[in-house]
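FYI, the numbering just counts along the sequence from 1. Just so we're clear, the structure is a prediction, and the values are computed from it rather than from any experiment.
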Amino acid sequence: MPPDSTQKPPGRAAATVARHVEALILEGSLRPGERLLPEREVAERLGVSRPTLREGIQILEEKGLLVGEPGGATHVAPLGTSITDPLAALLASRAETTYDYLEFRELIEGDAAALAAERATEVDLEAIAACMRRIDAAHGERDPVPEAEADADLHIAIYEATHNAVLLHVMRALSRMLRAGVFYSREKLYTRPEVRDLLRDQHRAIHDAIAARDPEAARAAAERHISFTHGALKEIREAEARLEVSLRRMGAGRIGAAAAATPARSGTGGGAG
């Protein structure tokens, strides 16, 4: 639709507000789906009037970067929609997608950890350390979900520490697909105690290398972790496939009628008269 020629163009202050919020979204400080603070607080923090803020927000809503809701709440739009919506269902229908995903992670995970070791600020290091503390705290729990969630958040914190906006947003989109079970269920790994122990040790090694600002150690630890995850998932899937075959052989899910046993006949044809 062509723009309304009678519409007043945004003022300079509103355009500045819009550019500032755009920068926050691009760098990852405002996350997809995150709700903005109330209008009054945002205006105070940005040092602008509320009408100017509304005008700046309208600019970003028209661009599709912000979404207004009834009642006045404003959220950051879910970025990467083309990755996470219709394509997600298609990817989820292919078993080999998991291995494609992990192959991709093997290509970039080491470099991401190395960049994090080089570029992380003290704030980034604390965010990574907080995720590691959550992993340690959840490790002894029977429910694997809290540790699996902390695992996912740790990797996002590492991507944030790279200060590479493209890498961050691509991996955030993929992380949402991972949490939705498009690639595999992370919790499946955590149901096996021996695997769970190894994963914690691997995450600790990545954390320690980044904290020490050792890019090569961080790269090596991240690559070992993804390689292990790839192999462990493959073994789990192969074991599940063998179990399914065994169950079918025992009769579960049979669609063929079992042949009735026929008694053996005597060669002499004798019998009671």
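Comment: Arg219 does not engage Glu223 in a salt bridge, judged by the lack of any side-chain N to carboxylate O separation of less than 4.0 angstrom. At a threshold of 4.0 Å, the pair Arg204-Asp136 counts as salt-bridged, since one of the basic side-chain nitrogens sits closer than that to a carboxylate oxygen.
Placement of Leu107 and Val166 within a single hydrophobic cluster is found when ILVMFWY residues are connected by side-chain heavy-atom separations under 4.5 Å, directly or transitively. There is no path of hydrophobic side-chain contacts, each under 4.5 Å, that joins Ile135 to Leu199. Residues Val170 and Leu168 share a single hydrophobic cluster, defined by chaining ILVMFWY side chains whose heavy atoms lie under 4.5 Å apart. Cluster membership for Leu174 and Leu233, using ILVMFWY side-chain heavy atoms within less than 4.5 angstrom, is shared. Under the 4.5 Å side-chain heavy-atom criterion for grouping Ile, Leu, Val, Met, Phe, Trp and Tyr, Ile108 is not connected to Tyr99 through any hydrophobic cluster.
Contact annotation: the side chain of Glu122 never approaches that of Glu126 to less than 4.5 Å [non-hydrogen atoms, C-beta and beyond]. Counting only heavy atoms from C-beta outward, the side chains of Thr121 and Asp124 approach each other to under 4.5 Å. The closest side-chain heavy-atom distance from Tyr159 to Asn164 is not below 4.5 Å. Residues His163 and Leu115 have side chains not in contact (no heavy-atom distance under 4.5 Å, counting atoms from C-beta outward).
For Tyr190, there are no ring-ring contact (aromatic ring centres under 6.0 Å, His included) partners two or more places apart in sequence or in a different chain. Residues passing the side chain to side chain donor-acceptor pair (under 3.5 Å) test with Glu235: none are found, sequence neighbours excluded. Scored by the side chain to side chain donor-acceptor pair (under 3.5 Å) test, Arg31 finds Glu160 as partners (sequence neighbours excluded). For Ser49, the side-chain contact (heavy atoms from CB on, under 4.5 Å) partners at least two apart in sequence or on another chain are Pro51, Thr52. Judged as a side chain to side chain donor-acceptor pair (under 3.5 Å), and not counting sequence neighbours, the contacts of Glu106 are His230. Among residues two or more places apart in sequence or in another chain, the side chain to side chain donor-acceptor pair (under 3.5 Å) test is passed with Asp153 by Arg134, Arg179. Looking at residues two or more places apart in sequence or on another chain, you find a side-chain contact (heavy atoms from CB on, under 4.5 Å) between Ala232 and Leu189, Phe228. For Arg237, there are no salt bridge (charged side-chain N to carboxylate O under 4.0 Å, His left out) partners, not counting sequence neighbours.
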**Report entry** Worked verdict on Thr97 versus Asp100 for side-chain hydrogen bond (donor to acceptor under 3.5 Å, both in side chains)
**Finding:** CA-CA 5 Å; Thr97 295; Asp100 291 344; 5.1 Å; no
**Report entry** Arg45/Leu37 under side-chain contact (heavy atoms from CB on, under 4.5 Å): CA gap, chis, key distance, verdict
**Finding:** CA-CA 10 Å; Arg45 294 191 179 198; Leu37 292 171; 3.5 Å; yes
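Annotation for Arg35: atom CZ does not count as buried by contact number, only 12 or fewer foreign heavy atoms lying within 6.0 Å.
The list of salt bridge (charged side-chain N to carboxylate O under 4.0 Å, His left out) pairs with a residue in residues 15-24, not counting sequence neighbours, reads Glu22-Lys63. Counting only residues at least two apart or on different chains, the ring pair (Phe, Tyr, Trp, His ring centres under 6.0 Å) pairs with a member in residues 198-223 are His155-His203, His203-His225. Identified under the salt bridge (charged side-chain N to carboxylate O under 4.0 Å, His left out) test for residues 189-203, with sequence neighbours left out: Glu147-Arg196.
Taken from CG in Leu60 to CG in Leu66, the straight-line distance is 4.5 Å, to the nearest 0.5 Å. Atoms CD and CG, from Glu44 and Leu53 in turn, are 11.0 Å apart once rounded to the nearest 0.5 Å. Note that CG of Leu167 and CZ of Arg172 are 11.0 Å apart. Values are rounded to the nearest 0.5 Å. Atom CD1 of Ile210 and atom CD1 of Ile128 lie 4.5 Å apart (nearest 0.5 Å). The CG atom of Leu30 lies 8.5 Å from the NE2 atom of His20; values are rounded to the nearest 0.5 Å.
Closest approach of Ile158 and Ala112 over heavy atoms only: CG2-O, 4.3 Å. Considering all non-hydrogen atoms of both residues, Ile226 and Leu102 come closest at CG2-O, 3.8 Å. Nearest approach of Glu118 to Pro215, heavy atoms of both residues: CG-CG, 3.5 Å. Here the closest non-hydrogen pair linking Leu125 and Ala211 is CD2-CA, 4.1 Å. Between Gly56 and Ala18, the shortest heavy-atom contact is O-CB, 3.8 Å. Scanning both residues, Ala113 and Ala222, for their nearest heavy atoms gives CB-CB, 3.7 Å.
Between the side chain of Arg213 and the backbone N or O of Ala120, at least one donor-acceptor pair lies under 3.5 Å.
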Please table the atom pairs, donor to acceptor, closer than 3.5 Å between any side-chain atom in residues 67-78 and protein atoms at least two apart or in another chain.
unit_1	atom_1	unit_2	atom_2	d
Glu69	OE2	His75	ND1	3.3

